[in-house]
Amino acid sequence: MKRVELLVEGKRISILKASDFPIFYIHGSGCDATLWIKQLEELGGFAIDLPNHGESDELEVESVEDYARIVAEVVDRTSGSGLIAGHSLGGAIAQMVYLKHRKVVKALILISTGARLRVLPKILEGLENNPSETARFISEMAFASREYVEDFSKLFADRAKILLEDLKICDRFDLLEDFKAGKIRFDVPTIAIVGEKDMLTPVKYSQFFSNFGARVAVIENAGHMVMLEKPKELNEIIRNFLSELRL
Ligand code: COA
């Protein structure tokens, strides 16, 4: 595993690279590329630190479209095209890369995400006014088991500012009506994967995608952070999906 950097729009974007296999993992709100270690180790590919996260430079980002532009350029310059695997906010970014930069997308892996990602007002207000307590509340909602709650309460509290910025971007992200109106369909192979006990992006959000050409896989006894809670199961689902694509 090594770190590589690309200069995108004049800013350093840091990428964890495990192999040349063109799968690109996009992390969610307040997280970073290291979230994907277990997928990188077993499946290979690239995990991107979004701007303002991990080891990437700061950049003014106001929307999912802004993040998608950066990701599309990274994919284009690294492999020409690839599989885009996004978690939560990263899944919104993956959808937007598909909508706005389709030539770089071979397939989509939408993990714990949705076509609309409204955020509880209590979370948005709480991160502003009471970050430690709210970070704990989010962490408790993010995991089905207690194992990671303590660590992520601290991590989210330390990153309350960027977490809030990301969640505001999630709250504005909304493709639901465009899907319903038939304006969007997945014309590349797409799988939506979700934890059975996900409280932040419930199973219903992933099932919604099945009306538009996606298949759906539900991981038992997992919450929102499936890549940490159930890495083997998640990797198995991704591996099976990849083998059917014959890439
Ligand atoms: N896919 C499919 N359906 C969706 C959807 C999605 N991505 N997002 C919302 N909907 C559905 C809702 O289930 C609801 O359906 P219903 O009327 O049959 O119950 C309808 O669309 C309206 O939902 P929404 O606009 O989100 O408003 P709401 O008032 O029902 O809920 C929240 C707002 C914030 C309470 C809710 O989105 C929620 O609980 N979110 C999860 C918690 C959170 O903060 N997650 C962070 C995500 S990053």
Side-chain angles (χ1 to χ4, degrees), residues 26-32 35 50 52-53 61-68 85-96 98-99 108-131 133-144 149 152-153 155-157 159-186 190-218 222-229:
I26 319 298
H27 63 77
S29 302
C31 293
D32 61 55
L35 191 76
L50 292 170
N52 310 318
H53 298 74
V61 174
E62 288 181 351
S63 64
V64 169
E65 285 90 331
D66 288 343
Y67 278 136
H87 175 252
S88 201
L89 167 64
I93 296 167
Q95 292 170 67
M96 199 56 78
Y98 171 69
L99 283 181
L108 287 173
I109 303 172
L110 305 176
I111 304 167
S112 317
T113 191
R116 166 153 73 191
L117 293 176
R118 291 267 159 83
V119 179
L120 287 166
K122 176 182 169 177
I123 290 180
L124 296 175
E125 286 153 20
L127 279 174
E128 201 111 44
N129 304 322
N130 199 349
E133 199 179 297
T134 309
R136 174 164 296 276
F137 175 70
I138 298 169
S139 186
E140 282 169 354
M141 282 187 87
F143 293 97
V149 169
F152 272 79
S153 295
L155 183 138
F156 286 149
R159 300 181 183 178
K161 191 165 170 284
I162 184 63
L163 182 58
L164 176 59
E165 291 309 310
D166 282 345
L167 289 176
K168 284 183 185 167
I169 287 173
C170 284
D171 197 47
R172 292 195 294 268
F173 171 74
D174 191 352
L175 298 176
L176 201 67
E177 298 311 320
D178 282 353
F179 272 106
K180 284 184 182 168
K183 293 182 189 163
I184 307 173
R185 231 198 119 71
F186 297 115
T190 300
I191 187 165
I193 308 171
V194 63
E196 174 197 23
K197 297 184 174 168
D198 192 328
M199 285 188 274
L200 289 172
T201 52
V203 172
K204 173 182 179 179
Y205 290 10
S206 286
Q207 267 156 358
F208 176 80
F209 289 133
S210 68
N211 303 313
F212 308 96
R215 74 185 76 174
V216 180
V218 179
H224 189 61
M225 305 294 272
V226 281
M227 70 288 282
L228 294 173
E229 284 193 306

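What you are looking at is a predicted structure, and each value in this text was computed from that prediction instead of being measured. Whatever order the structure lists ligands and atoms in, that order sets their numbers, starting from 1.
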Under-4.0 Å heavy-atom contact between protein and atom 13 (O) of ligand 1: yes
Within-cut-off N or O pair, T201 and ligand 1, under 3.5 Å: no
Which donor-acceptor pairs under 3.5 Å do the side chains of residues 200-210 make with protein atoms, sequence neighbours left out?
{"unit_1": "T201", "atom_1": "OG1", "unit_2": "S112", "atom_2": "O", "d": "3.2"}
{"unit_1": "T201", "atom_1": "OG1", "unit_2": "D198", "atom_2": "OD1", "d": "3.4"}
{"unit_1": "T201", "atom_1": "OG1", "unit_2": "D198", "atom_2": "OD2", "d": "2.8"}
{"unit_1": "T201", "atom_1": "OG1", "unit_2": "H224", "atom_2": "ND1", "d": "3.1"}
{"unit_1": "S210", "atom_1": "OG", "unit_2": "Q207", "atom_2": "O", "d": "2.6"}

Interfacing atoms of ligand 1 (cut-off 4.0 Å, heavy-atom, K204): 12 (C), 13 (O), 14 (C), 15 (O), 16 (P), 18 (O), 19 (O)
All salt bridge (charged side-chain N to carboxylate O under 4.0 Å, His left out) counterparts of D171, not counting sequence neighbours: none
Nearest-contact summary for atom 4 (C) of ligand 1 - protein heavy atom, Å: Y205 CE1, 3.7 Å
Check: V149 main-chain N/O paired with S153 side-chain donor or acceptor under 3.5 Å: yes
Interfacing atoms of ligand 1 (cut-off 4.0 Å, heavy-atom, A115): 7 (N)
Protein heavy-atom partner closest to atom 45 (N) of ligand 1 - residue, atom, separation in Å: L200 O, 3.0 Å
Heavy-atom side-chain contact between L50 and I93 under 4.5 Å: yes
Point-to-point distance, once rounded to the nearest 0.5 Å, from CG of L110 to CZ of F186: 5.0 Å
Atom 17 (O) of ligand 1 touched by protein (heavy atom, under 4.0 Å): no
Protein heavy atom at shortest distance from atom 44 (O) of ligand 1: L120 N, 2.9 Å
G114 neighbourhood, listing ligand 1 atoms whose heavy-atom distance to it stays under 4.0 Å: 7 (N)
Protein non-hydrogen atom below 4.0 angstrom of atom 28 (P) of ligand 1 present: no
Ligand 1 N/O within reach of P121 N/O, cut-off under 3.5 Å: no
Proximity winner for atom 25 (O) of ligand 1, if only heavy atoms of K122, R118, H224, M199 are counted: R118
E133, CD atom: more than 12 neighbouring heavy atoms under 6.0 Å: no
Full working for ring pair (Phe, Tyr, Trp, His ring centres under 6.0 Å) between H27 and H87: CA-CA 5 Å; H27 63 77; H87 175 252; 9.4 Å; no
Test item: protein heavy atom less than 4.0 Å from atom 31 (O) of ligand 1: no
From C170, G28, A142, S112 - option closest to atom 48 (S) of ligand 1 by heavy atom: C170
Protein residue, atom and distance nearest to atom 24 (P) of ligand 1, heavy-atom basis: R116 NH2, 4.0 Å
